[in-house]
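Read the structure below first, then the notes.
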Amino acid sequence: MRTPAEHWFPVRHYNLPLTLSCGQSFRWRNTPDGWEGVVAGKWVRLRPLRDGLQAFCAEPVSDWQWLADYLQLHVRLEDILQTFPAHDPHLQKAVQACFGLRLLRQEPWECLASFILSSTKQIPHIQQIIECLCLRFGAPVCVPPGHAPVYAFPEAATLARAGEEALRGCRMGFRARALQEAACRVAEGVLNLESLRHLDEAAARRQLMSLRGVGPKIANCVLLFAYGFPRAFPVDVWVRRALREAYFPRRRPTPRRLEAFIQSHFGPHAGYAQQYLFHYWRTGRAARRKIQ
DNA sequence: GTCCAGGTCTTCC
DNA sequence: GGAAGACATGGA
């Protein structure tokens, strides 16, 4: 009989619901008992509790560092926020509205595969596709007694073997080809995702963009959410909208000028700023227009 | 029925 | 180098 494990992490300024639901990861579910997901192959339930987070696992855990790393609990949010431009009312409003939003440090393969599936899809659809993928191809993980079965994110080798047609069965459409090819490259070791940790940002981006279906946006998502490159700045439809409305209301900047603006304006933690703008624009646009 | 979604690739000028 | 269209699917 395995004994479940419980742990309390002290941390301040950590908005757990926002962090787990803001579109950087896709497998967390809000249940009456807390937020449930799979990290490092383990089923986890998380709850905000006092000045910290309470974690619950179905198996014994001797060392919780893997979860602290995933949640980036050592990061002092105030240190990051103070690097943001002081005179930027748009970003300041976004920070106020989304205070406590954090960036996670995800497993590279799951992050890469998830964002390959994200192109021109709404977040709920991405979640549906990934759930289907885990159900069909993922290994079962240990859950509490009586809990519905939960599956890990599938290994690259499993998806490589499954083939494109089987992947299409998860309703991912044309993205199946890119996912299957990426799975093959990773499974064969042609692309070594672990080795990217030792490269600089530009070199790691080039490696990721060598994959079909991975352009600058998806590469930047992986650089930011899985490898923690703090300046990586994914520009999707919402962030492009935010940048145009807030900083370029009159004329559209060239891609080169936009890139220069991003890196000079948002500073060393541009990626964090991006996530605040993304979530603020995506969720609060209608309400914000009423105020203006 | 039409539009749009955490894009990318190809073609064409 | 940049604009336009194709690519699948589902929800609003």
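When reading the values below, keep in mind they use all heavy atoms of this one structure, side chains included, and skip hydrogens, waters and symmetry mates. All values derive from a computational prediction rather than experimental measurement. Proteins get letters first, then strands, A, B, ... in listed order; numbering begins at 1 in each.
Counting heavy atoms from C-beta outward, A/Asn15 and A/Pro17 have side chains that approach closer than 4.5 Å.
Among the heavy atoms of the strands, none lies under 4.0 Å from A/Val235. Across all strands shown, A/Leu211 has heavy atoms under 4.0 Å from sugar-phosphate atoms exclusively, and none from any base. A/Arg252 comes within contact range of the sugar-phosphate backbone alone, with a heavy-atom separation under 4.0 Å but no base atom that close.
Remark: the A/Glu245 side chain and the A/Trp281 side chain contain an N/O donor-acceptor pair separated by less than 3.5 Å. For the residue pair A/Arg185 and A/Ser210, a side-chain donor N or O sits within less than 3.5 Å of a side-chain acceptor on the partner. Of the N and O atoms on the side chains of A/His269 and A/Asp79, not one donor lies less than 3.5 Å from an acceptor on the other residue.
Residue A/Arg241 places at least one side-chain N or O closer than 4.0 Å to OP1 or OP2 of B/dA5.
Note: CG (A/Leu179) to P (B/dT8) measures 15 Å, nearest angstrom.
Each of A/His125 and A/Ser119 was matched to the nucleotide of DNA chain C holding its nearest heavy atom; the match closer to the 5' end belongs to A/Ser119. Remark on DNA chain B: of its neighbouring residues A/Met209 and A/Cys221, the 5'-side contact belongs to A/Cys221, judged by nearest-heavy-atom nucleotide.
Of all nucleotides in DNA chain C, those with any atom nearer than 4.0 Å to a heavy atom of chain A start and finish, going 5' to 3', at C/dG2 to C/dG11.
Residue A/Ala270 comes nearest to A/Phe233 through the heavy atom pair O-CD1, 3.3 Å, listed as atom of the first residue, atom of the second, then distance.
Crowding of A/Glu181 atom CD: a count of heavy atoms from other residues, nucleotides or ligands under 6.0 Å exceeding 12.
Nucleotides C/dA8 and B/dT11, compared at atom P, are 15 Å apart to the nearest Å. Only the P atoms considered, C/dA4 is 23 Å distant from B/dG6, to the nearest whole Å.
The ring of A/Phe115 does not lie on top of the base of B/dG6; it is either too far (5.5 Å or more) or too tilted (30° or more).
For A/Arg212, taking side-chain heavy atoms from C-beta onward, the closest of the listed nucleotides B/dA5, B/dG7, B/dT10 is B/dT10.
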